[in-house]
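Written below as structure tokens is the structure these notes are about.
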Amino acid sequence: MGKKMADVVSFVSPFTLFILFLLFVFLIRVYHYRYRLFEAYYRDILDGFRTTVAVYWDAVCWVWHGYEMVGFENIPESKKTAALIVFYHGAIPIDYYYLFAKTILIKKRYIKTVGDHFLFKIPICNFWMTVFHVFSGPYPICLQYLKEGHLVAISPGGVLEAQFGDEDYRLVWGKRIGFAKLAIEAKVPIIPVFTQNIRESFRPIKTGKNWLRKVYEKQDCQ
């Protein structure tokens, strides 16, 4: 019994230490951004919530992936300057979460993100979609946001690219070129975003891919 207990402790202890370490780093980040947090909560409780979540993701990107951004200065800081952010969709778009968080903390701007239709069919996601400015992305709404001076982000590949892309990083965009027409009509720059090794960070489902693709394409057409 004693040996089994020792084995359990030796197995659990590293995970416990890692969680405590992440919590410690998160608290450091909170302290680092304390004035921005106070300002956000003073302005609006939802702004405070979003900023707190952004601090968390900023801590995760620092510790877990050692994530670095090159060209972040290309995202306009002025809240009246619009731009269309187009990004490659990994199996899990955690790199976009990092970008979203950095934009809140450094640029003090929120990105309006086009989400896949299926996300809005999940009841528990509705709150998050609203709070973090995720919308289903009809063309007229995207155009309106850009003309109002907002940052809008879209991944043309979406879930299709996330689950059916591969380590060769081929784009799975098909005929989804509406983003280009959108940028031309709104007269805004396109800011392309790509994260090195995003495919190596998380792997998509390998088994039953043809069946899953048919299911996705069927619901995507509805």
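These numbers come from the heavy atoms of this one structure, side chains and all, not from hydrogens, waters or symmetry mates.
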Is the shortest side-chain heavy-atom distance between [X] and [Y] below 4.5 Å?
X      : Y      : answer
Lys102 : Tyr67  : no
Val114 : Cys142 : yes
Val60  : Tyr98  : yes
Val152 : Val188 : no
Phe132 : Phe100 : yes

What distance do [X] atom [atom1] and [Y] atom [atom2] have between them, rounded to the nearest 0.5 Å?
X      : Y      : atom1 : atom2 : value
Thr103 : Phe72  : OG1   : CZ    : 4.0 Å
Ile154 : His89  : CD1   : NE2   : 11.0 Å
Ile85  : Ile190 : CD1   : CD1   : 11.5 Å
Asp116 : Leu160 : CG    : CG    : 9.0 Å
Asn74  : Ile191 : CG    : CD1   : 6.5 Å
Glu185 : Lys147 : CD    : NZ    : 5.5 Å

List in chain and number order the residues that pass side-chain contact (heavy atoms from CB on, under 4.5 Å) with Pro140, two or more places apart in sequence or in another chain; answer none if no residue qualifies.
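Pro140 satisfies side-chain contact (heavy atoms from CB on, under 4.5 Å) with Pro138 once adjacent residues are dropped.
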Which heavy atom of [X] sits nearest a heavy atom of [Y], and at what distance?
X      : Y      : value
Val172 : Gly165 : CG2-CA, 4.1 Å
Ala54  : Ala101 : O-CB, 3.5 Å
Leu143 : Ala186 : CD1-CB, 3.7 Å
Pro156 : Val86  : CD-CG1, 3.6 Å
His65  : Ser201 : NE2-OG, 3.9 Å

Would you please test Asp44 and Phe49 for side chain to side chain contact (heavy atoms under 4.5 Å, CB included) and show each step?
CA-CA 9 Å; Asp44 184 341; Phe49 176 69; over 6 Å; no
Donor-acceptor pairs are to be reported for all side-chain atoms of residues 104-113 against protein atoms at under 3.5 Å, with residues two or more places apart or in another chain.
from   : atom 1 : to     : atom 2 : distance (Å)
Lys107 : NZ     : Ile75  : O      : 3.0
Arg109 : NH1    : Pro76  : O      : 3.1
Arg109 : NH1    : Ser78  : O      : 2.7
Arg109 : NH1    : Thr81  : O      : 2.8
Arg109 : NH2    : Thr81  : O      : 3.1
Arg109 : NH2    : Gly149 : O      : 2.8
Tyr110 : OH     : Asp47  : OD1    : 3.0
Tyr110 : OH     : Arg50  : NE     : 3.4
Lys112 : NZ     : His133 : ND1    : 3.4
Thr113 : OG1    : Tyr96  : OH     : 2.5

According to side-chain hydrogen bond (donor to acceptor under 3.5 Å, both in side chains), who are the partners of [X], at least two apart in sequence or on a separate chain?
X      : answer
Tyr145 : none
Glu200 : Tyr169
Arg170 : Asp166, Asp168

Mutual orientation of the aromatic rings belonging to Tyr88 and Phe194 [parallel < 30°, tilted 30-60°, perpendicular > 60°]:
perpendicular
With a sphere of 6.0 Å drawn around CD of Glu68, does it hold more than 12 non-hydrogen atoms of other residues, nucleotides or ligands?
no
Listed once per pair and sorted, the side-chain hydrogen bond (donor to acceptor under 3.5 Å, both in side chains) pairs that draw on residues 148-157, sequence neighbours left out:
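Of all non-adjacent pairs touching residues 148-157, those that pass side-chain hydrogen bond (donor to acceptor under 3.5 Å, both in side chains) are Gln144-Glu148, Glu148-His150.
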